[in-house]
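These notes concern the structure reproduced below.
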Amino acid sequence: MKFTKMHGAGNDYVYVNGFVETIEDPASLSIAISDRHFGIGADGLVLILPSETSDFRMRIFNADGSEAEMCGNASRCIAKYVFDHGMTDKTSITLETLSGQKRLDLQLAEGIVTSVRVDMGEPILSSKQIPVHSDEDEIIDFPIALDGKKVNITALSMGNPHVIIFVDNVDEIDLPKVGPKVEHHPLFPKRTNTEFVQILSPDHLKMRVWERGSGETLACGTGACAATVASILNEKAERRVTMELKGGTLFIEWSEADNHVYMTGPATTVFEGEYFPA
Ligand SMILES: N[C@H](CCC[C@H](N)C(=O)O)C(=O)O
């Protein structure tokens, strides 16, 4: 199976061209190829597929084989992939995902993709739609019991579920210990992604992320968007922020005009290869 290894701000996936390759069991394949010793090594698997409704369709699988509704970093990499492989000559591309159609705008310099801007759509604040098991309509600055302590969370969806916790210093978080406790907390029937956010200034945030199904990743595009929205809802940030992640920087705007969240960031091709299933 031919594949392309790409990353968006260090969030790395194996990309497979579904126009050429047929993948029978993508969940199992994602588990196998994500292994950083016995496989290719990645945060998961992304399939680029034909679509009836959009230019292309994305399916994204976490390293544990679970399929996610949306992936911000992978959306940018797909835009670069299809442009670089001559599968489109458009610089504004529509992408069908399990959380609806997204628009990707390529930014070029001398014909080379330098960054991609994704219209991530509207944040979803309704607890039922995130989903969160709660009688509250929205989960903003909401106390929960975590590891015997009271922690205030803000929860929302960018098509996939996110919990945001504000901390004084993200580098002091013991993510392998606390991340799974939030991911598997009984409040979240579909589990959740978790972002720990440090406010450096109202337009400059720093975050680390424990991703549902993949553990700590160096960046999370939907997570950066969710963290920005949560910071604004909690009156800690402005509408446009620079989001600093371990693997790079993303620029996020929650537009007052259309209530959409826009994410701009890099997309990098690392290598192409051939995978031989065991
Ligand atoms: N782990 C996420 C999917 C990947 C999202 C992330 N890598 C991004 O860039 O948005 C989930 O299960 O919802």
Side-chain angles (χ1 to χ4, degrees), residues 5-15 26-27 30-31 33-34 41-48 58-81 95 97-100 102 104 115-124 129-132 155-164 175 179-180 182-185 188-197 207-230 243-252 254 261-268:
K5 187 72 184 345
M6 303 180 79
H7 74 84
N11 186 203
D12 62 327
Y13 291 95
V14 169
Y15 291 76
S30 187
I31 295 167
I33 57 105
S34 296
D43 289 329
L45 168 70
V46 175
L47 305 184
I48 302 166
M58 167 174 73
R59 291 187 76 187
I60 174 216
F61 296 82
N62 293 307
D64 72 351
S66 59
E67 183 168 9
E69 304 84 347
M70 177 53 192
C71 182
N73 288 318
S75 305
R76 299 198 312 276
C77 288
I78 287 177
K80 174 176 172 60
Y81 181 101
L95 184 67
T97 77
L98 287 179
S99 64
K102 311 294 174 187
L104 322 173
S115 68
V116 183
R117 184 174 190 255
V118 182
D119 178 351
M120 300 288 283
E122 298 187 69
I124 297 161
Q129 291 181 286
I130 295 172
V132 180
L156 61 103
S157 169
M158 290 304 301
N160 57 352
H162 292 271
V163 162
I164 291 88
L175 217 40
V182 187
E183 177 184 2
H184 299 281
H185 194 288
F188 311 113
K190 288 190 173 177
R191 299 188 287 166
T192 187
N193 300 283
T194 307
E195 287 80 31
F196 294 86
V197 179
M207 68 173 257
R208 284 175 69 194
V209 56
W210 182 267
E211 283 201 29
R212 175 179 64 173
S214 290
E216 178 163 22
T217 61
L218 300 188
C220 178
T222 52
C225 295
T228 300
V229 171
M243 182 62 79
E244 208 177 298
L245 304 109
K246 282 178 97 168
T249 302
L250 297 177
F251 301 96
I252 314 292
W254 182 17
V261 183
Y262 295 90
M263 168 192 63
T264 302
T268 306

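Excluded from the calculations below are hydrogen atoms, water molecules and symmetry mates; all remaining heavy atoms, backbone and side chain alike, are included. Ligands are counted one by one from 1 in listed order, and the atoms in each one are counted from 1 as well.
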Locate the shortest heavy-atom distance separating [X] from [Y]; write the atom from each residue and the value.
X      : Y      : result
Ala74  : Val46  : CB-CG2, 3.8 Å
Asp64  : Ser66  : OD1-OG, 2.6 Å
Gly159 : Ser99  : CA-CB, 3.6 Å
Ala219 : Val209 : C-CG1, 4.2 Å

[X] neighbourhood, listing ligand 1 atoms whose heavy-atom distance to it stays under 4.0 Å:
X      : answer
Met70  : 3 (C), 5 (C)
Ala68  : 3 (C), 11 (C), 12 (O), 13 (O)
Gly221 : 8 (C), 9 (O), 10 (O)

- Among all protein heavy atoms, pick out the one at the shortest distance from atom 2 (C) of ligand 1; state its residue, atom name and that distance to 0.1 Å. Asn193 OD1, 3.2 Å
- In the protein, which heavy atom is nearest to atom 4 (C) of ligand 1, and how far is it?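 Nearest neighbour among protein heavy atoms for atom 4 (C) of ligand 1, to 0.1 Å: Glu211 OE1, 3.2 Å.
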N/O to N/O below 3.5 Å, does that happen between [X] and ligand 1?
X      : answer
Gly223 : no
Ser214 : no
Glu69  : no

Just to be sure I read this right, does ligand 1 sit under 4.0 Å from the backbone of [X], its side chain, both, or neither, counting only heavy atoms?
X      : value
Tyr13  : side chain
Thr222 : both
Ile60  : side chain
Asn160 : side chain

- Query: Less than 4.5 Å apart, any side-chain heavy atom of Tyr262 and any of Val118?
  - Reply: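 A side-chain contact under 4.5 Å is absent here.
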- Within less than 4.0 angstrom of ligand 1, does Gly213 place any heavy atom?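 Contact check Gly213 vs ligand 1: negative.
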- Task: Answer with yes or no whether Thr217 contacts ligand 1, where contact means a heavy atom under 4.0 Å from a ligand atom.
- Result: no
- Flag for His185-Thr192: side-chain donor and acceptor within less than 3.5 Å: no
- Can a donor-acceptor pair be found between the side chains of Asp43 and Thr217 at a distance below 3.5 Å?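 On atom types as modelled, these side chains do not qualify, holding no pair under 3.5 Å.
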- Spacing of Met70 atom CE and Met158 atom CE [to the nearest 0.5 Å]: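 Answer rounded to 0.5 Å: 7.5 Å.
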- Message: Using the side chain to side chain contact (heavy atoms under 4.5 Å, CB included) definition, which of the options His7, Arg76, Lys80 pairs with Pro266?
- Response: Arg76
